[in-house]
Undergrad: 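Right, I'll just put the structure down here and ask away after.
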Amino acid sequence: MQYWLMKSEPDVFSIDELKKRETSLWDGVRNYQARNFMRNDMKVGDSVLFYHSSCEPPGVAGVAKVASVAEPDPSQFDKKSEYYDPKATKDKPIWYCVRVKFVEKFPRLVSLAELRATKELKDMLVLKKGQRLSIQPATAKEFECIRRLARR
DNA sequence: GCCAACGTTGGC
DNA sequence: GCCAACGTTGGC
């Protein structure tokens with residue numbers, strides 16, 4: 001069982017939207033490293049910290065879990081989608097995505113500033129300078145620490 | 001295979 | 001809106 005942090009801009013897709021839909025494909029990822037995490041490493045039942053980025057304030061908004069292993073991202077075939085990739089074919093998909101399931105919205109957002117201020121979390125990838133990857137591995141310790149912070 | 005130019009991410 | 005950091009593209 002692994003732990004992950006997944007970033008999303010709440011204007012595009014938020015924890016509230018996931019709650020409403022219950023499950024959703026995590027589509028639109030167009031970075032190979034992030035794709036590889038989804039395609040190669042994510043397993044059903046893995047826990048996900050749902051991170052809101054490019055907003056005020058950025059931070060961890062809640063928890064999801066992986067509901068199904070990766071499948072070809074349908075948006076790569078959709079000419080009307082902003083994620084359309086003309087190089088992808090159904091025989092040879094390029095992009096993959098997992099399905100995630102809503103678990104909980106935190107009683108309050110745990111902000112990036114708060115993550116930075118927490119000694120236990122100092123090694124988190126999301127705090128590293130220049131770390132832009134939208135999907136990052138996390139540890140059980142980090143996961144539990146953030147869940148505790150959210151209830152303080 | 002190098003690397004300059006360009007595009008994107010995302011905090012501030 | 002700025003810009004640092006990083007990834008991708010494409011000419012050579």
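Every chain is numbered from 1, with letters handed out A, B, ... down the list of sequences. The analysis underlying the following values was restricted to heavy atoms, covering all of them including side chains, and did not include hydrogens, waters or symmetry mates.
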Undergrad: Do A/Leu112 and A/Val110 share a hydrophobic cluster, counting only Ile, Leu, Val, Met, Phe, Trp and Tyr and linking them when any side-chain heavy atoms are less than 4.5 Å apart?
TA: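 Yes; A/Val110 is reachable from A/Leu112 via cluster members.
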Undergrad: Which donor-acceptor pairs under 3.5 Å do the side chains of residues 145-152 of chain A make with protein atoms, sequence neighbours left out?
TA:
from     : atom 1 : to       : atom 2 : distance (Å)
A/Arg148 : NH2    : A/Glu120 : OE1    : 3.4
A/Arg151 : NH1    : A/Arg147 : O      : 3.0
A/Arg151 : NH2    : A/Glu104 : OE1    : 2.5
A/Arg151 : NH2    : A/Glu104 : OE2    : 3.1

Undergrad: Specify the residues of residues 25-41 of chain A, ordered by number, for which at least one heavy atom lies under 4.0 angstrom from an atom of DNA chain B.
TA: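 Per residue number, the list is empty: none.
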Undergrad: Going through the distances and angles, do A/Val69 and A/Met42 end up as a side-chain contact (heavy atoms from CB on, under 4.5 Å)?
TA: CA-CA 7 Å; A/Val69 294; A/Met42 283 193 174; over 6 Å; no
Undergrad: Under 4.5 Å between side-chain heavy atoms, counting indirect links through other Ile/Leu/Val/Met/Phe/Trp/Tyr residues: same cluster for A/Ile135 and A/Tyr51 or not?
TA: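 No, A/Ile135 does not connect to A/Tyr51 through the hydrophobic network.
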Undergrad: Mind running a 4.0 Å heavy-atom check of residues 128-139 of chain A against DNA chain C and sending the residues that fall below it, in number order?
TA: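 A/Lys129, A/Gly130, A/Arg132, in order of number.
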Undergrad: Angle class for the A/Trp26/A/Phe13 ring planes (parallel below 30°, perpendicular above 60°, tilted otherwise)?
TA: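 Perpendicular: the ring planes of A/Trp26 and A/Phe13 meet at over 60°.
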Undergrad: Under 3.5 Å, side-chain donor or acceptor atoms of residues 86-98 of chain A against the rest of the protein: list the pairs with distances, not counting sequence neighbours.
TA:
from    : atom 1 : to      : atom 2 : distance (Å)
A/Thr89 : OG1    : A/Lys92 : N      : 2.9
A/Trp95 : NE1    : A/Asp85 : OD2    : 2.8

Undergrad: Considering only residues two or more places apart or on different chains, which pairs with a residue in residues 57-73 of chain A satisfy side chain to side chain donor-acceptor pair (under 3.5 Å)?
TA: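 For residues 57-73 of chain A, and leaving out neighbouring residues, the side chain to side chain donor-acceptor pair (under 3.5 Å) pairs sorted by first residue read A/Arg30-A/Asp73, A/Asp73-A/Ser75.
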Undergrad: Within a 6.0 Å radius of atom NZ on A/Lys128, are there more than 12 heavy atoms belonging to other residues, nucleotides or ligands?
TA: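 Counting neighbours around NZ of A/Lys128, more than 12 heavy atoms of other residues, nucleotides or ligands fall under 6.0 Å, so yes.
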Undergrad: Within the distance-only criterion (no hydrogens, no angle test), does the side chain of A/Asn40 pair as donor or acceptor with the backbone N or O of A/Phe37 below 3.5 angstrom?
TA: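 Judged by distance alone, no pair lies under 3.5 Å.
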Undergrad: With heavy atoms of chain A within less than 4.0 Å as the criterion, where does contact along DNA chain B begin and end?
TA: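 Listed 5' to 3', the contact boundaries are B/dG7 to B/dC12.
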Undergrad: Test your reading of the model: is there a side-chain donor-acceptor pair from A/Gln136 to the backbone of A/Leu133, 3.5 Å cut-off?
TA: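 Present.
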